[in-house]
Amino acid sequence: MDFNLSEDHQMLADSLRRYLTDNYDIETRNAHAYAEPWHSAEIWAGLAELGIIGAFIGEEQGGFGGSAEDVSVIFEEVGRGLCAEPLLGALMGLRLLAGLGRSDLVEAIVAGSARPVLAVYEPHVACDLSHIEAQARRDGGDWRLTGRKSAIYGAPGADHLLVAARTDAGIGLFQVESPELISATMVDGGGVSDLVMDDLKVECLSPDCRADLEDALDLGRVALCAEAVGAMAHLIDLTIDYLGQRQQFGRPIATFQALQHRVVDMLVELEQCRSITIAAVAGFGTQDQARNVSMAKNLIGRMGRKIAEEAVQMHGGIGMTWEYPGAHYAKRLVMIDHQLGDHNDHVLRLLELGGAAKGRAA
């Protein structure tokens with residue numbers, strides 16, 4: 001099997017890497033990531049102009065790509081460049097809107113003049129959407145929502161807030177106009193919000209789209225896995241460079257065998273994470289999609305934290321300082337584990353998938 005990128009994907013990766021290198025250094029990143037509105041309108045417009053947002057959906061839906069490989073190529077460079085722009089929410093929201101045929105909204109999103117975000121999770125909902133408690137009810141010709149959504153990544157400043165809620169038909173999707181959000185800064189940068197709904201009037205996009213929601217969330221998990229691979233690779237590069245510069249006992253500490261062994265372990269773990277992400281990408285859209293994605297999210301959640309801790313320890317005190325980029329990469333790797341279900345949540349999901357498979361076989 002050839003694991004090399006195609007010519008088109010290599011061009012996409014190179015273009016995005018150049019753009020982030022030229023326009024998104026660590027000082028620029030932190031200035032936007034840790035202060036309202038937690039993203040840069042200029043950078044967002046630049047990403048749209050590059051075709052990054054359009055690559056999230058297929059040509060027949062108004063985009064330029066749409067495959068899981070397109071998404072993974074983009075997010076690996078997002079991780080390498082530590083880009084805190086709210087691309088994850090845009091990816092999932094755009095996929096759902098495109099799948100529902102909302103071309104009126106898709107065009108503006110692809111052009112970068114509007115931004116969607118998806119609100120699924122609640123304080124007691126990790127991976128299993130059957131635990132969703134937010135309720136949608138009909139009120140004459142209108143729909144109204146009651147409940148709470150938490151950890152809505154990238155919600156501050158979004159134009160289209162898409163909310164998953166329970167209906168008589170299943171799990172539906174609704175659009176909330178001008179929501180009142182409770183927003184804060186995530187520990188690794190970027191905005192996150194909670195939404196409290198009390199008989200809130202909304203637009204129903206679909207009364208039952210659970211399968212589409214599961215697909216959008218799984219693609220978001222693939223994106224996070226690819227982002228983690230990019231962030232790990234760059235953090236390891238930073239660590240190797242630091243070990244080559246730091247002097248102890250009259251020589252670079254990179255010559256110490258114990259540290260060499262630890263770096264090799266980090267590189268092995270990186271390649272395991274890269275391989276399992278490739279497997280999740282290759283299996284996307286097949287009957288093994290959920291299983292492959294949860295296996296990848298579980299491994300990368302554990303290995304990302306381990307690599308982050310190893311890098312910080314080998315850097316010593318500088319590895320925890322605000323000014324040093326490695327500290328922000330480490331925080332991002334830890335946070336990726338918690339987004340869209342952490343490694344423990346995905347173990348439980350794998351157990352449930354295994355039980356469901358046995359039931360079908362019986």
Side-chain angles (χ1 to χ4, degrees), residues 16 19-50 52-53 56 74-75 77-94 108-123 148-163 175-196 217 220 223-224 226-228 230-231 234 308 322-340:
L16 181 53
Y19 178 80
L20 293 176
T21 299
D22 293 343
N23 299 278
Y24 204 76
D25 58 25
I26 192 66
E27 290 80 13
T28 301
R29 184 259 184 198
N30 290 344
H32 292 300
Y34 291 98
E36 293 188 48
W38 296 289
H39 74 281
S40 165
E42 181 181 354
I43 296 296
W44 191 261
L47 293 172
E49 187 176 351
L50 274 178
I52 300 304
I53 301 171
F56 293 158
I74 289 169
F75 273 84
E77 293 305 322
V78 166
R80 191 181 299 275
L82 200 63
C83 181
E85 294 298 299
L87 287 164
L88 179 65
L91 164 67
M92 297 186 293
L94 181 56
I109 293 167
V110 170
S113 58
R115 182 168 61 82
V117 70
L118 178 61
V120 174
Y121 293 106
E122 300 173 3
R148 177 181 175 181
K149 293 296 174 180
S150 59
I152 312 171
Y153 304 111
D159 302 281
H160 306 291
L161 178 58
L162 312 179
V163 179
Q175 181 172 203
V176 179
E177 297 291 342
S178 304
E180 294 185 9
L181 300 171
I182 305 167
S183 300
T185 307
M186 294 198 297
V187 67
D188 62 323
V192 66
S193 301
D194 278 17
L195 170 66
V196 178
L217 290 168
L224 286 172
E227 182 184 352
H234 191 76
W322 177 269
E323 293 78 12
Y324 188 65
H328 299 282
Y329 279 89
K331 287 192 291 184
R332 180 63 191 139
L333 284 171
V334 173
M335 181 56 71
I336 283 175
D337 178 34
H338 295 285
Q339 291 186 267
L340 306 187

### Query
At their closest point, which heavy atom of Trp38 faces which heavy atom of Gly191, and how far apart are they?
CB-N, 3.3 Å

### Task
Could you tell me which non-hydrogen atom of Pro86 sits nearest to which non-hydrogen atom of His39, and how far apart they are?
CD-CB, 3.6 Å

### Task
Calculate, to the nearest 0.5 Å, the distance between atoms OG and CH2 belonging to Ser113 and Trp44 respectively.
11.5 Å

### Task
Please name all residues satisfying side-chain hydrogen bond (donor to acceptor under 3.5 Å, both in side chains) with Asn23, sequence neighbours left out, ordered by chain then number.
none

### Query
Can any side-chain N or O of Tyr19 pair as donor or acceptor with the backbone N or O of Tyr24 at less than 3.5 Å?
no

### Message
Ignoring hydrogens, what is the shortest heavy-atom contact between Ala33 and Thr185? Give both atom names and the distance.
### Response
O-CG2, 3.9 Å

### Query
If you measure from CG on Leu47 to CD on Glu42, what distance do you get to the nearest 0.5 Å?
11.0 Å

### Task
For His328 and Trp322, indicate whether the former's side chain and the latter's backbone hold a donor-acceptor pair under 3.5 Å.
yes

Please list every donor-acceptor pair under 3.5 Å in which a side-chain atom of residues 151-160 meets a protein atom from a residue at least two apart or in another chain.
{"residue": "Asp159", "atom": "OD2", "partner": "Arg115", "partner atom": "N", "Å": "2.7"}
{"residue": "His160", "atom": "ND1", "partner": "Gln175", "partner atom": "OE1", "Å": "2.7"}

### Task
Measure the spacing between CZ of Arg332 and CZ of Arg29 and express it to the nearest 0.5 Å.
8.0 Å

### Query
Checking side-chain contact (heavy atoms from CB on, under 4.5 Å) for the pair Leu118/Leu88: CA distance, chi angles, key distance, verdict?
CA-CA 9 Å; Leu118 178 61; Leu88 179 65; over 6 Å; no

### Query
Measuring from Asp25:CG to Leu82:CG, what's the distance to the nearest 0.5 Å?
11.5 Å

### Message
If I compare all heavy atoms of Gly220 with all of Leu91, which pair ends up nearest, and what's the gap?
### Response
CA-CD2, 4.1 Å

#### Entry: Ile53 to Val110 - nearest heavy-atom pair and separation
CG2-CA, 4.1 Å

### Query
Are any non-hydrogen side-chain atoms of Val334 and Asp188 less than 4.5 angstrom apart?
no

#### Entry: Separation between CG of Leu217 and CE of Met92, rounded to the nearest 0.5 Å
6.0 Å

#### Entry: Separation of Thr21 OG1 from Arg80 CZ (nearest 0.5 Å)
9.5 Å

### Query
Do the side chains of Leu161 and Lys149 get nearer than 4.5 Å, heavy atoms only?
no

